[in-house]
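Beneath this line is the structure, given in structure tokens, with notes to follow.
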Amino acid sequence: MKRAIGLLTIAVAAASATSMARTPAYKDTSIPLEQRVEDALSRMTTQEKINLIHAQSKFSSRGVPRLGIPDLWTDDGPHGVRPDVLWDEWDQAGQTNDSCVAFPALTCLAATWNPATSYLYGFSLGEEARYRGKDVILGPGVNIYRTPVNGRNFEYMGEDPYLAAKMVVPYIKGLQSNGVAACVKHFALNNNEVNRHTTNVIIDDRTLYEIYLPAFKAAVQEGGAWSIMGAYNLYRDEHLCHNSRMLNDILKKEWGFDGAVISDWGGTHDTKQAITNGLDLEFGSWTNGLSTGASNAYDSYYMARPYFNLISKGEYSTKELDDKVRRVLRLIMRTAMDHSKGEGSLCSEEHYEAARRIGNEGIVLLRNEGRVLPINPTKGKRILVVGENAIKMMTVGGGSSSLKVQHEISPLDGIREAAKNLGMDVEYARGYVGDVSGEYNGVVTGQNLKDDRSPAELIAEAVAKAKEADHVIFVGGLNKSSGQDCEDSDRAGLEPPYGQDDVIVALAKANPGLTVVNISGNAVAMPWADMVPSIVQAWFLGSEAGNSIADILFGKVNPSGKLPFTFPVRLADSPAHKLNAYPGTKRADSNIVDLEYKEGILVGYRWHDTKKIKPQFAFGHGLSYTDFKFGKATADKTLISEGETVTFTVPVTNTGSMAGAEVIQLYVSDPKCTVPRPVKELKGFSKVFLQPGETKEVKISIGRDALSYFDAENHEWVAEPGQFTASFGPSSDNIATTVKFTLK
Ligand code: GLC
């Protein structure tokens, strides 16, 4: 008997030990996420809930140590994984294990017009972030390019909501497939940097829904973004990090967003608004978002002790708190607690190949008169490279997207390497001196760009060498310095800085074989465009910059990029500037700057088409080294009823002698409508790769939503019966074929 009791005791002990060791529900990945969230929530104290919804360091927020729920680690940025900073400092921590691959800026990605490339981008970045132990990448940015002077346009995806929406979704899917959350930013209406913390945007609903929300809506509903970053500015007098209409009504109710709203760093300003207006995770309070900040202020964050006290006093229940905690728990369980997503990788060959490929596919050939490009050694073997942007590192600076790279191939180095393989020699002349500095938050370029020569001496040297060269390549444009393409600043004008125009004109006169390579994330004025036979728009291309530029210049890769935004001839041709709708008007009684988006839906090419203002280079423009011919477009039906789709077929032929890719763009026009509409709007595109002589029948389908405008009065999308025109071409200003069809 005793033995039996003994055995029973052991069995009971073993059973209870097992039950103790059995995985608690919130950790059991075999049960649905929502049940895990509820189980975790039910075990947490109010203090533990408060700890979860605000930062504990510059880039991390607390988990629940007692329950084994891990801290959440965020990091910038959209183009690569930022180096670790000290716990409570903006300066980098000086680690030697956090150099990364810098992928091209998102304007370049948008310029590829290739969703598959966007997936590759997000996936590669996600592997780097996963390896670095980051749960949230603070990107991508999809703020619409409303003005060419906005300092952060290089981090975004251009002027058209349809293009941005189609290109942001695969990036998010690729990134999140690694168990790393996207944090799509800056939601919303953060379309310039000057007065970024105080600008109150005034905008009508139709413009908001047709232009500024679609990319964010796609990110949430198609991309399944796990987090969204609130913007710094205001809308309807409420800061976007706690904005009832934008976060509660639109993001969470209308779109069904189940993730976490993360504040921009320093974007939270009020506890009660933060509680009720949709903020879930507060970062960077008491900082300027970039450099300075109150030290270790985490307990005094708006959603820290002040919130806890309000609950303790009974002014608030834990109703709002529990919703925030559910969203943050979901974010943690989708990332830090999902151990099925592998370990990622850092600085792998695949990532460098991806960076180079994205750059190759995004570079835009703007002009190529007389086939100056690709560089042909039979026309002579002497190459002269001119310009500070041929040597200056661009991965350091520009604000929070600044990186510490393992390497960055400069344009000059890339050109030298390619020329060597062709038996060509390369000379260099500075041409101009711009910004010789090279440091951001403790990351230094190590370059010494100092040059005390005068502009006249620099131009004289460049011209003298140009006269002796067979090919001249000027590499200029903007850089990542304040007042250029840089966070927290806008440019003062459209002109390239540092007297580059004089250098370009002098070189054009000295040598007919001139190519200008413009490196920027924004349009620049090109008054010399007709004097320069070939012009290339090369973006901030990251670690493989020089290789991508050389691949294109020497014809190893046939350019296929298309502009994701308009290049106006002059700033005044841009709607925001033409209508004096930038940067806004400061209120007499506060620091708020009211900025009315007076141009409404007429942003970018919508404005240029409708107002018949010819741009320097149009949205969607981009040439190739080969030629393409569009055949006649046809439709599978020319009478469609509500809910039906129409499929167009457009034959495209490569009539040249080099393989290449063309982007067939579909623009829809609604010539007779009860409300004013733009002349045409992008509603479809397809990138096709064609061998010489090859023809493909490109098919693009559209439905009702491609025909609709937003009826703000009734808060609904309306497609009015009547005739529509579908226009197809390689650019918004080059329509090759059209089809008319009728909506019943
Ligand atoms: C910055 C930026 C934001 C960035 C964050 C953290 O101020 O606005 O894009 O992710 O703060 O660096």
Side-chain angles (χ1 to χ4, degrees), residues 54-61 72-93 98 100 105-106 125 129 132 134-143 150-157 168 175 180-199 216 219 225-234 239-241 260-269 279 281-294 301 396-404 440-443 480 482 485-490 521:
H54 64 82
Q56 67 175 351
S57 76
K58 264 288 177 273
F59 285 93
S60 78
S61 55
L72 187 75
W73 282 90
T74 71
D75 209 358
D76 290 310
H79 310 144
V81 188
R82 178 177 182 162
D84 284 320
V85 299
L86 293 171
W87 186 257
D88 189 44
E89 299 295 333
W90 285 106
D91 265 9
Q92 65 141 335
D98 56 357
C100 71
L106 293 193
L125 177 58
R132 286 275 316 286
K134 307 304 177 187
D135 306 307
V136 183
I137 275 288
L138 302 171
V142 285
N143 291 101
N150 173 27
R152 292 189 85 172
N153 279 332
F154 72 97
E155 293 186 56
Y156 305 148
M157 296 189 173
V168 73
L175 182 68
V180 176
C183 185
V184 187
K185 66 189 187 183
H186 303 87
F187 189 67
L189 302 171
N190 180 188
N191 303 97
N192 54 265
E193 288 297 291
V194 74
N195 309 319
R196 66 176 181 164
H197 295 275
T198 55
T199 294
F216 286 104
W226 291 337
S227 68
I228 291 276
M229 185 187 292
Y232 280 133
N233 53 288
L234 298 91
H239 280 97
L240 265 310
C241 288
V261 172
I262 298 177
S263 74
D264 199 342
W265 269 237
T268 310
H269 301 275
L279 180 61
L281 188 42
E282 177 185 358
F283 271 94
S285 291
W286 319 121
T287 70
N288 67 358
L290 274 181
S291 50
T292 59
Y301 269 36
V396 176
S400 58
S401 63
S402 179
L403 296 169
K404 177 165 83 174
Y440 179 79
N441 277 4
V443 176
K480 298 289 192 68
S482 183
D485 278 337
C486 181
E487 180 175 341
D488 204 24
S489 75
D490 290 342

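Reckoned from all heavy atoms, side chains included, excluding hydrogens, waters and symmetry mates. Just follow the structure's listing: the first ligand is 1, and inside any ligand the first atom is 1.
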Got the closest protein heavy atom to atom 10 (O) of ligand 1, with its distance?
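Protein heavy atom with the smallest distance to atom 10 (O) of ligand 1: Asp76 OD1, 2.6 Å.
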Give me the residue, atom name and distance of the protein heavy atom closest to atom 7 (O) of ligand 1.
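Scanning the protein heavy atoms, the shortest distance from atom 7 (O) of ligand 1 goes to Tyr232 OH, 2.6 Å.
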With respect to atom 5 (C) of ligand 1, which of Asp264, Leu138, Asp75, Thr74 exhibits the smallest heavy-atom separation?
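The residue whose heavy atom sits nearest atom 5 (C) of ligand 1 is Asp264.
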May I ask you to list the atoms of ligand 1 that are less than 4.0 angstrom from any heavy atom of [X]?
| X | value |
| --- | --- |
| Gly289 | 1 (C), 7 (O), 11 (O) |
| Lys185 | 3 (C), 4 (C), 9 (O), 10 (O) |
| Glu487 | 1 (C), 2 (C), 7 (O), 8 (O) |
| His186 | 3 (C), 8 (O), 9 (O) |
| Phe59 | 6 (C), 12 (O) |
| Arg82 | 12 (O) |

Atom pair [atom1] ([X]) and [atom2] ([Y]), whose distance is rounded to the nearest 0.5 Å:
| X | Y | atom1 | atom2 | value |
| --- | --- | --- | --- | --- |
| Cys183 | Asp75 | SG | CG | 12.0 Å |
| Ser489 | Asn150 | OG | CG | 9.0 Å |
| Arg82 | Gln92 | CZ | CD | 10.0 Å |

Once you measure the plane-to-plane angle for Phe187 and Phe216, does it fall in the parallel (<30°), tilted (30-60°) or perpendicular (>60°) bin?
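The rings of Phe187 and Phe216 stand perpendicular, inter-plane angle above 60°.
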What orientation do Trp265 and Phe283 show, parallel under 30°, tilted 30 to 60°, or perpendicular over 60°?
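Trp265 and Phe283: parallel rings.
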Note, Asp88 side chain near Lys58 side chain (heavy atom, < 4.5 Å):
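Yes, close enough: below the 4.5 Å cut-off.
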Show the numbers, then the answer: is there a side-chain hydrogen bond (donor to acceptor under 3.5 Å, both in side chains) between His186 and Arg196?
CA-CA 11 Å; His186 303 87; Arg196 66 176 181 164; over 6 Å; no
Part of Lys58 within contact of ligand 1 (heavy atoms, under 4.0 Å)
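Near ligand 1, Lys58 shows nothing, with every heavy atom at 4.0 Å or more.
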